[in-house]
Amino acid sequence: MSTKIKFQIFESESTFLDPRKKYEPTTEKFQVRIDPLTGRTGHFSHFGAMKAQKLDLESYAQPALKGFCPFCLENRGKATPKFIKEIFPEGRPSKGEATLIPNLFPYDVHSGIMIMTDEHVVPLSGFHEKRLSDAFSLGIEFLKRARTIDPLLPYHLMTWNYMPPSGGGLVHPHQQYFATKHPGNQFMDELRASEAYYATTATNFWQSLIEEETRVGERYIGRVGTSHWLASFVSFGFHGDILCIFPDVFSIDDITGDHIDCLVSGLSNVFRYYESIGIYSFNAALFFGPNDQKSFPCHFRITPRTFLNTRDFAPDMNFFQTILAEPICVKLPEELCREVKNFF
Ligand SMILES: [Zn+2]
């Protein structure tokens with residue numbers, strides 16, 4: 001089946017006199033790829049040179065590092081806010097260990113924080129399917145409720161910083177859920193590009209991406225129920241991003257318990273892969289587009305994060321990402337796909 005999707009790779013190289021080889025000329029290769037949806041570029045270089053740093057998770061529970069945690073059970077009842085009764089009369093709704101609170105420092109009209117666990121420090125192996133399912137289910141229920149209360153807020157998303165390298169301010173596992181008019185530049189770039197693709201081709205980019213990646217076979221990781229898991233052609237994080245697409249879910253109203261089961265099951269596979277290669281931290285997001293459209297399906301992205309070292313805790317993002325808005329990745333998505341596939 002023909003497709004309008006282009007996977008453009010510009011391979012190049014740079015030559016220098018190498019002090020490691022008695023100043024013999026050495027040539028190193030790098031790539032620039034163009035995101036087939038947004039047209040934005042991403043660099044691939046420094047292959048294999050950057051390793052995820054091991055985190056001493058036990059140390060995060062020590063009083064000196066732990067400090068005051070408002071999400072821990074002994075503080076939660078006094079230190080965290082409650083929802084107004086029009087949103088959740090019970091104040092802090094819960095499901096299993098998952099407890100939802102409004103953000104004391106809101107980023108939007110509806111800005112919820114999901115405290116995912118009772119425990120303060122939870123390794124990836126601790127995110128069993130019930131914990132994940134309860135958190136996603138309750139968070140999505142919140143977004144559906146926000147949509148009913150405020151139908152003029154068209155976009156919904158979940159975001160998640162896990163462990164300090166990701167920028168997460170608290171080690172205690174938590175996600176953020178937003179109903180918003182302003183979901184961020186990446187969301188809006190993807191949404192507009194998806195609409196433009198639909199307008200010019202009369203096809204859905206994401207459906208075409210699944211078909212084309214399945215045909216090419218280099219970045220298609222696997223299918224879990226109705227969800228499709230891919231290694232992203234351009235990645236935001238150092239180790240490569242994994243994408244999950246739900247082609248039959250467009251807005252928050254469309255997602256069901258079965259979809260959440262697929263997300264949880266696939267994510268559990270990703271976590272087992274991360275554990276196997278020593279990835280301790282990530283950013284993740286789940287995007288829901290507006291109602292009444294068929295061009296921008298729900299999708300999930302997970303991006304590993306690390307410190308460059310644990311001597312001075314240099315972050316893995318620098319001027320490239322913060323000023324040039326250019327991601328750098330040290331892992332080719334085709335290699336990532338080959339590795340993750342073993343866990344699906
Ligand atoms: Zn805590």
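Source: prediction; values computed, not measured. Every number for a ligand or one of its atoms is a count from 1 in the order of the listing.
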Please identify each residue that fulfils salt bridge (Lys or Arg N to Asp or Glu O under 4.0 Å) with Glu141, with sequence neighbours left out.
->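 Here the qualifying residues are Arg145.
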
List-wise, which protein N, O or S atoms are found short of 2.8 Å from the Zn ion (ligand 1)?
-> Cys69 SG, Cys72 SG, His120 ND1, His172 ND1

Kindly write out the residues that satisfy side-chain hydrogen bond (donor to acceptor under 3.5 Å, both in side chains) with Gln8, not counting sequence neighbours, or none if the list is empty.
-> none

Inspect the contact between Arg147 and Asp253 and indicate whether a charged nitrogen and a carboxylate oxygen are less than 4.0 angstrom apart.
->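 The answer is yes: the pair qualifies as a salt bridge.
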
If you count the non-hydrogen atoms of other residues, nucleotides and ligands that lie under 6.0 Å from CG in Asp56, is the total more than 12?
-> yes

Does the side chain of Tyr197 come under 3.5 Å of the side chain of Glu195 through a donor N or O and an acceptor N or O?
->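 Tyr197 vs Glu195: no donor-acceptor pair found between side chains.
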
Hydrophobic side-chain clustering at under 4.5 Å (ILVMFWY, transitive links): who's grouped with Leu104? Put none if nobody.
-> Phe105

